[in-house]
> 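Encoded as structure tokens, here's the structure I'll be asking about.
Naming convention: chains lettered A, B, ... in sequence-line order (proteins, then strands); numbering from 1 in each chain. FYI, side chains are in, hydrogens and waters are out, and symmetry mates aren't considered; it's all heavy atoms of this structure.
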2 protein chains.
Amino acid sequence: MGAPRRCRGRRPDPAKRAAIVEAASALFCSHGYGVSMETVAAAAGVSKQTIYNLFSTKEQLFGAVVASRSELIVAAIPTTAETLAPATGLLRIAGEYLRVMVGGQVPVVYRLMLATPGETGSDLIRAFYDNGPKRGLGHLAHYLAGCDAAGSLRVPDPALAAECFFGMLNGQILIRNMLGLQESWTPEELEAKARYCVDMFLATHGA
Amino acid sequence: MGAPRRCRGRRPDPAKRAAIVEAASALFCSHGYGVSMETVAAAAGVSKQTIYNLFSTKEQLFGAVVASRSELIVAAIPTTAETLAPATGLLRIAGEYLRVMVGGQVPVVYRLMLATPGETGSDLIRAFYDNGPKRGLGHLAHYLAGCDAAGSLRVPDPALAAECFFGMLNGQILIRNMLGLQESWTPEELEAKARYCVDMFLATHGA
DNA sequence: ATCTTAATGGACCGCGCGGTCCATTAAATA
DNA sequence: TATTTAATGGACCGCGCGGTCCATTAAGAT
């Protein structure tokens, strides 16, 4: 199976595929699933037939876009801070979280999921949620539980605490971004917000 | 101009119009803007022509749906608690907020806004945000500022505090609801979450 | 009674879009 | 070189949907 098995003829251009997914992602996000394949082709600088050579149907292209974007969100899940003390660890997690949220890449994925052609609550959506946001939440909860066990924090309900911590960091950022309402945060403001939330969290859960 | 000027003939049935808006709202939310007018008509138990007698175009129907739904969200903005002491006032606001969020009516409006046919960040969306969520935020900030002035709380940045307070109440509820992922909260759980958030908030901002 | 308007349902039009086909050209292997 | 495959672009099909028209029926007003 592993045999490279080189074959004849011209090789498919990986840049084309990437350009198509990129263009489709941007268009689906800004204009919804209703954009025509011709528009996607034009935006990607590619012929329509080339798209159909790579993706058999529009829904498959959509699936590829979602998969591609989901990688981003998974990559954004913080894996650092696992062994740091609460004060610094939470601050680092908060900084990561805010950066990726205001950056807009995560909101884009959410928008994408809501532009889905099928029903809401589909398998695609469920898989996305379990794989992305839920894992991020789980990671934080696990970290908090560890702190509790180590005695550096008192957090009787790590899942609830994790959800509230991310929630207060977020505030309205995600939803405003999804709605396409401009956000202008200076790094100092983000830093201040992160510190404010961490302080509030520690004021309750500090050991 | 104000003359009632009763006219001849059969009167239009207001129930028809309501049924149309209701059906369109549900379908736009669950299936996006792509649903056909015939589907809407069928769901409303009405002929297609009747829709076009009431709304000249599909976009106008969409606008009517948004307007109708926005009323709900505006009505959900808490106006109580204006003079209550922080501990009880915040708890009441929190309870209101959670109830309306898990109830799903607010998430439905957000979904609607994202199903919009035009660009993101349109006037429609901006108007909705300023009129709904922003007003709710402003109300809480005003309340907090009042408490600060009265000396019952210390809250140097009421806007930030308001955003974080709603944010931590919300957590992932709104987004999960928008994605169509089922939520099952018992009243006790909601009560516990509200109390947890209020306590955390007061631990930092208590006078 | 009569008149006027609401509402129905079905036929119909036009267009845009998903998807296919094909003849041609470009790039890689042999 | 010859051969194989990628990519192009343009013509084309079918269908679904937004929107219109119309003849008929129902329900008020006078």
> Tabulate protein N/O versus nucleotide N/O from nucleotides 25-28 of chain D, keeping only pairs under 3.5 Å, one per line.
residue, atom, partner, partner atom, Å
D/dA26, N3, B/Arg10, NH1, 3.0

> What about A/Lys48: does its side chain form a donor-acceptor pair under 3.5 Å with the base of C/dG19?
yes
> Could you work out, with salt bridge (charged side-chain N to carboxylate O under 4.0 Å, His left out) as the rule, every residue matching B/Glu189, not counting sequence neighbours?
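For B/Glu189 there are no salt bridge (charged side-chain N to carboxylate O under 4.0 Å, His left out) partners, ignoring immediate neighbours.
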> Please list, chain by chain and in numerical order, all residues satisfying side chain to side chain donor-acceptor pair (under 3.5 Å) with B/Ser70, sequence neighbours excluded.
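Not a single residue meets the side chain to side chain donor-acceptor pair (under 3.5 Å) criterion with B/Ser70.
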> D/dC21, C/dC22, D/dA6: which one has an atom nearest the side-chain heavy atoms of B/Gln49?
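Nucleotide nearest to B/Gln49's side chain: D/dC21.
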> Does B/Arg69 pair with B/Glu22 as a salt bridge, N-O distance under 4.0 Å?
yes
> Just jot down the ring pair (Phe, Tyr, Trp, His ring centres under 6.0 Å) partners of A/Phe201, sequence neighbours excluded, or say none.
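Partners of A/Phe201 by the ring pair (Phe, Tyr, Trp, His ring centres under 6.0 Å) criterion, ordered by chain and then number, come out as A/Phe165, A/His205.
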> Could you pull out all residues at least two apart from A/Lys48 that satisfy salt bridge (charged side-chain N to carboxylate O under 4.0 Å, His left out)?
A/Glu38
> Tell me, please, which residues at least two apart from B/Glu71 pass salt bridge (charged side-chain N to carboxylate O under 4.0 Å, His left out).
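So B/Glu71 forms no salt bridge (charged side-chain N to carboxylate O under 4.0 Å, His left out) with any residue.
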> Checking B/Phe62 now: which residues fulfil ring pair (Phe, Tyr, Trp, His ring centres under 6.0 Å) with it, not counting sequence neighbours?
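Scan of B/Phe62 (ring pair (Phe, Tyr, Trp, His ring centres under 6.0 Å), adjacent residues dropped) gives B/Phe28, B/Tyr33.
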> Judged by atom type as modelled, is there a donor-acceptor pair below 3.5 Å linking the side chain of B/Arg111 to the main-chain atoms of B/Cys29?
yes
> Ignoring backbone atoms, establish whether A/Lys16 has a side-chain N or O less than 4.0 Å from OP1 or OP2 of D/dT8.
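Yes, A/Lys16 has a side-chain N/O under 4.0 Å of OP1/OP2 on D/dT8.
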> Quick check on contacts: within residues 51-62 of chain A, what sits under 4.0 Å from DNA chain C by heavy-atom distance?
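The answer is A/Tyr52, A/Thr57, A/Lys58.
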> Output every pair passing ring-ring contact (aromatic ring centres under 6.0 Å, His included) with a member in residues 170-195 of chain B, not counting sequence neighbours, ordered by first then second residue.
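The answer is none; no pair qualifies.
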> Say whether, by atom type as modelled, one donor and one acceptor occur between the side chain of B/Asn177 and the main chain of B/Gly104 under 3.5 angstrom.
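No: the side chain of B/Asn177 does not pair with the backbone of B/Gly104.
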> Of all of residues 17-25 of chain A, which get a heavy atom below 4.0 angstrom from DNA chain C, listed by number?
none
> Using salt bridge (charged side-chain N to carboxylate O under 4.0 Å, His left out) as the criterion, list what pairs up with A/Arg135, not counting sequence neighbours.
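Here no residue qualifies.
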> Closest to the B/Ser47 side chain: D/dA7, C/dG19, C/dT8?
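Selected nucleotide: C/dT8.
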> Below 4.0 angstrom, which residues in residues 35-43 of chain A have at least one non-hydrogen atom near DNA chain C?
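Heavy-atom contacts with DNA chain C come from A/Val35, A/Ser36, A/Met37.
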> For the pair A/Tyr97 and A/Phe166, name the ring-plane relationship: parallel under 30°, tilted 30 to 60°, perpendicular over 60°.
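Geometry flag for A/Phe166 against A/Tyr97: parallel rings.
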> Is the shortest distance from a Lys or Arg side-chain nitrogen in A/Lys193 or A/Glu188 to a carboxylate oxygen in the other one below 4.0 Å?
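Answer for the salt bridge query: no.
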